[in-house]
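Note that the coordinates shown come from a computational prediction; the quantities given were computed from them, not determined experimentally.
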Amino acid sequence: MALNLAQSAAAAACFATAGDARRAASLVAMPSSSSSATTSLRMKRQAACEPALKSAGVEGIMVDVWWGIVESEGPGRYNFDGYMELMEMARKTGLKVQAVMSFHQCGGNVGDSVNIPLPRWVVEEMEKDNDLAYTDQWGRRNFEYISLGCDAMPVFKGRTPVECYTDFMRAFRDHFASFLGDTIVEIQVGMGPAGELRYPSYPESNGTWRFPGIGAFQCNDRYMRSSLKVAAEARGKPEWGHGGPTDAGGYNNWPEDTVFFRGDCGGWSTEYGEFFLSWYSQMLLEHGERVLSGATSVFGDGAGAKISVKVAGIHWHYGTRSHAAELTAGYYNTRHRDGYLPIARMLARHGAVLNFTCVEMRDHEQPQEAQCMPEALVRQVAAAARAAGVGLAGENALPRYDGTAHDQVVAAAADRAAEDRMVAFTYLRMGPDLFHPDNWRRFVAFVRRMSESGSPREAAESAAHGVAQATGSLVHEAAVALRS
C-alpha cells in the first residue's frame with residue numbers, strides 16, 4: 001500500500017506503490033509551488049526535504065502538474081521546465097513520483113496556500129461565454145473547473161475541454177517519457193474542483209459555503225440545462241427540464257431546513273427526485289468516462305504508470321436519509337442507494353485506482369449534530385472498491401500530526417486482510433510543522449507502521465526515536481528551508 005504526504009493543495013506529495021501485499025508503502029507531498037515562487041527557491045526547498053523523507057522510509061512524492069502554469073502562454077504551448085528539474089531531483093534521491101494532472105484552479109478550498117488560476121486563454125473564453133463555468137440556481141458562476149456540460153463542445157480555440165486535457169497529458173507523457181515507469185509511477189487525473197470527481201457544490205471562496213452546509217446543485221449553465229431538457233423530454237416529463245430543484249435550500253442550509261432534502265418524504269425520494277439525481281450523477285460519471293478514456297489512450301499502452309482518480313470524502317450529513325451534501329456534489333448516495341459502486345465500476349472499466357479522502361477522521365471527533373460519519377463512509381467506499389475489483393488509495397482530509405490520527409489511518413489502511421488493504425496513501429502535509437521534532441518522530445513511526453502493515457505502535461516508536469536522533473540535522477535543514 002502507498003502512503004502519501006502532502007504539504008498544501010498546491011503541493012507535491014509523497015506516495016508509495018503497492019508492491020508486496022503484506023506491506024504498506026509510504027509517500028509524502030512536497031512543498032507547494034506557484035508562478036510567484038522562483039525555481040531556485042523551489043528546488044532549494046525540495047533538495048532540503050528529500051533526504052529527510054528518504055531517511056524516514058518514505059518512498060515517493062506527489063506533484064501537482066498545474067494546467068494553469070504549464071500551458072499558460074497559449075493553446076498547445078507547454079512549458080515543463082520547472083517540473084523537469086523536480087523529476088530529475090526525485091530520481092537522483094531515489095524517490096518515486098505520483099504526478100497529478102491538475103486541470104482545476106488552486107485557491108479557495110481547504111489547504112490552499114497559493115493561487116493558480118486556469119490558463120489565461122481558458123479564462124478569457126469563459127469570460128466571453130460564462131456558461132462554460134458551473135452555475136447555480138441563483139446565477140453564481142464558478143471558475144474552478146470547466147463545466148462538464150461542454151465536455152464535447154469545441155469551445156477552446158477549436159478544441160473541446162476533454163481534448164485540451166488529453167493533449168496536455170500527451171505532452172506530459174512525451175516530455176517525461178524517460179521517467180515513466182521508473183521515477184513517475186502513477187498519474188492521478190484531475191476530474192473537477194480540488195482535482196476530485198465532483199461538482200463544485202461547496203465552494204469556500206468569498207464565504208459562499210461554510211462547513212457543514214449542504215451545498216448547492218451546479219446545473220444551470222446552458223450546456224447542462226440543454227442536457228437536462230433532452231433527458232426530461234425522453235422521460236416524457238418536459239416540465240422537469242428547466243433546471244434543478246428550486247426547493248433544495250442554499251449552500252449553508254441543513255437538510256431539514258429544505259423541502260427537497262428533509263426526511264423520507266422530501267423531494268429527493270419522489271419520482272422527480274429520482275429522475276433529477278440520476279441525471280445529475282450520470283453526467284458526472286460520463287465526464288469521468290470521457291476524461292479517463294483520454295488518459296488511457298495516452299498512458300494505457302506500456303507507459304509504465306498506473307492511473308488513479310480522486311473522489312471526495314463528503315462525510316457531513318451522511319447519517320441523514322438523503323445524504324444531501326453528497327447529492328449536491330454529484331454522488332447519488334442515500335440511505336436506500338449506493339452512490340459509490342457506479343463510480344468504482346466506472347474506474348474499473350479503465351483500470352484506474354479509486355483515491356479517497358478523510359481516512360484519518362473518527363466519527364466522534366466531528367460535529368454530531370451534523371451527523372458526520374467519516375468512518376462509515378470510508379467503509380462504504382472500501383466495500384464498493386472491493387466489489388468492483390479496483391484498488392483503493394486514501395489520504396487524510398486535514399493536516400494531522402498526532403498519534404490518534406495515525407492510529408486511525410493504520411487501522412483503516414494497513415490492519416486488514418491483504419485483499420482489503422489500501423494500495424496507497426497520501427499524507428497531508430509536508431510543511432514546516434511536519435519537521436517539528438515531536439511531529440517528525442511520530443511521523444517516522446507512522447511510516448514504519450504503514451510499511452510493515454501495522455507494526456506494533458510501541459516498537460515503531462522505539463525505532464523512530466533512533467531515526468529521529470540520527471536525522472536531526474536533516475530535519476532541521478528541511479524545516480528552515482520550508483520557512484524561508
Note to self: Within this structure, what is the CD-CD1 distance for the pair Q105 and I146, rounded to the nearest 0.5 Å?
What the structure shows: 12.0 Å
Checklist line | Over all atoms of both residues, closest heavy-atom pair of S147 and A133 | finding: CB-C, 4.0 Å
Next item on the list: Identify whether the distance between the nearest side-chain nitrogen and carboxylate oxygen of R448 and E452 falls below 4.0 Å.
Entry: yes
Note to self: If the threshold is 4.0 Å, N to carboxylate O, is there a salt bridge linking E204 and R210?
What the structure shows: no
Item checked: Centroid separation Y83 to W66 less than 6.0 Å -> no
Margin query: Tell me whether E395 is salt-bridged to K310, with the criterion being a basic N under 4.0 Å from an acidic carboxylate O.
Written below: yes
Next item on the list: Determine whether the side chains of S201 and Q218 contain a donor N or O and an acceptor N or O closer than 3.5 Å.
Entry: no
Item checked: Axial cation check for Y134 ring with R141, 6.0 Å and 45° limits -> no
Next item on the list: For residues Y401 and F443, establish whether the separation of their ring centroids is below 6.0 Å.
Entry: no
Margin query: Among residues at least two apart in sequence or on other chains, which ones pass side-chain hydrogen bond (donor to acceptor under 3.5 Å, both in side chains) with S102?
Written below: D64
Next item on the list: Check E71 against R159 and note the closest heavy-atom contact, atom names and distance.
Entry: OE2-NH2, 3.1 Å
Item checked: Minimum heavy-atom distance E144-P200, with the two atoms named -> OE2-CB, 4.1 Å
Notebook entry, point to check: Are E50 and K54 close enough for a salt bridge, meaning some N to O gap below 4.0 Å?
Noted result: no
Notebook entry, point to check: Which of these, T166, D151, T160, sits in a side-chain hydrogen bond (donor to acceptor under 3.5 Å, both in side chains) with R290?
Noted result: D151
Check: So, do Y199 and M283 sit near enough that their side-chain heavy atoms are less than 4.5 Å apart?
Finding: yes
Checklist line | Test salt bridge (charged side-chain N to carboxylate O under 4.0 Å, His left out) applied to R400 and E365, step by step | finding: CA-CA 13 Å; R400 293 283 296 270; E365 296 174 336; 3.4 Å; yes
Notebook entry, point to check: Taking all non-hydrogen atoms of both residues, which atom of A305 and which atom of L180 are closest, and how far apart?
Noted result: CB-CD2, 4.1 Å
Next item on the list: Apply side-chain contact (heavy atoms from CB on, under 4.5 Å) to W254 and E369, showing your working.
Entry: CA-CA 10 Å; W254 288 33; E369 64 274 16; 3.4 Å; yes
Next item on the list: Report yes if the side chains of P342 and L285 come closer than 4.5 Å at any heavy-atom pair, otherwise no.
Entry: yes
Next item on the list: Answer yes or no: is there a side-chain heavy-atom contact under 4.5 Å between V311 and E196?
Entry: no
Notebook entry, point to check: Taking the side chain as C-beta and beyond, is there a heavy-atom pair between Q366 and H315 under 4.5 Å?
Noted result: yes
Item checked: Trace of the side-chain contact (heavy atoms from CB on, under 4.5 Å) decision for R441 with V467 -> CA-CA 8 Å; R441 176 177 44 77; V467 173; over 6 Å; no
Check: To the nearest 0.5 Å, what is the distance between CG (L377) and CG (N333)?
Finding: 7.5 Å
Item checked: A352 to V390 - nearest heavy-atom pair and separation -> O-CB, 3.8 Å
Next item on the list: Can you label the angle between the H406 ring and the F446 ring as parallel, tilted or perpendicular, going by 30° and 60°?
Entry: parallel
Next item on the list: List for me each residue that meets side-chain hydrogen bond (donor to acceptor under 3.5 Å, both in side chains) alongside T320, sequence neighbours excluded, and say none if there are none.
Entry: none
Item checked: Chi angles and distances behind the salt bridge (charged side-chain N to carboxylate O under 4.0 Å, His left out) call for K92, E88 -> CA-CA 6 Å; K92 182 178 180 180; E88 289 173 344; over 6 Å; no
Check: Which residues pass the ring-ring contact (aromatic ring centres under 6.0 Å, His included) test with H350, sequence neighbours left out?
Finding: none
Checklist line | Test item: D167 and Y78 side chains (from C-beta on) under 4.5 Å apart, heavy atoms | finding: yes
Notebook entry, point to check: Between F172 and F168, is the ring centre distance below 6.0 Å?
Noted result: no
Checklist line | With Y318 via side-chain hydrogen bond (donor to acceptor under 3.5 Å, both in side chains) - residues at least two apart | finding: Q380
Check: Quick one: CD on Q408 to CG on D363, what's the gap to the nearest 0.5 Å?
Finding: 8.0 Å
Next item on the list: Please list all pairs passing the ring pair (Phe, Tyr, Trp, His ring centres under 6.0 Å) test where one or both residues lie in residues 284-306, with sequence neighbours left out.
Entry: Y145-H287
Item checked: Distance in Å, L284 CG paired with R198 CZ, rounded so as to fall on 0.5 Å steps -> 10.5 Å
Note to self: Would you compute the distance between atom OG of S281 and atom CG of L327 and round it to the nearest 0.5 angstrom?
What the structure shows: 9.0 Å
Item checked: For R173, side-chain hydrogen bond (donor to acceptor under 3.5 Å, both in side chains) partners two or more places apart -> none
Notebook entry, point to check: Rounded to the nearest 0.5 Å, what separation is found between the CE atom of M89 and the CE atom of M84?
Noted result: 13.5 Å
Check: Are any of the side-chain heavy atoms of V58 and V447 separated by less than 4.5 Å?
Finding: yes
Margin query: Quick one, M126 and F156 - any side-chain contact, counting heavy atoms below 4.5 Å?
Written below: yes
Note to self: For a 4.5 angstrom cut-off between non-hydrogen side-chain atoms, does T183 reach K96?
What the structure shows: no
Check: Between W209 and Y251, does the ring centre distance come in under 6.0 Å?
Finding: no
Check: More than 12 foreign heavy atoms under 6.0 Å from CG of D438: is that the case here?
Finding: yes
Next item on the list: Using the ring of Y332 (Phe, Tyr or Trp, six-membered ring only), decide whether R337 places NZ or CZ under 6.0 Å from its centre and within 45 degrees of its axis.
Entry: yes
Margin query: Could you report the tightest heavy-atom contact between W121 and S72, atom names first, then the distance?
Written below: CD1-O, 4.1 Å
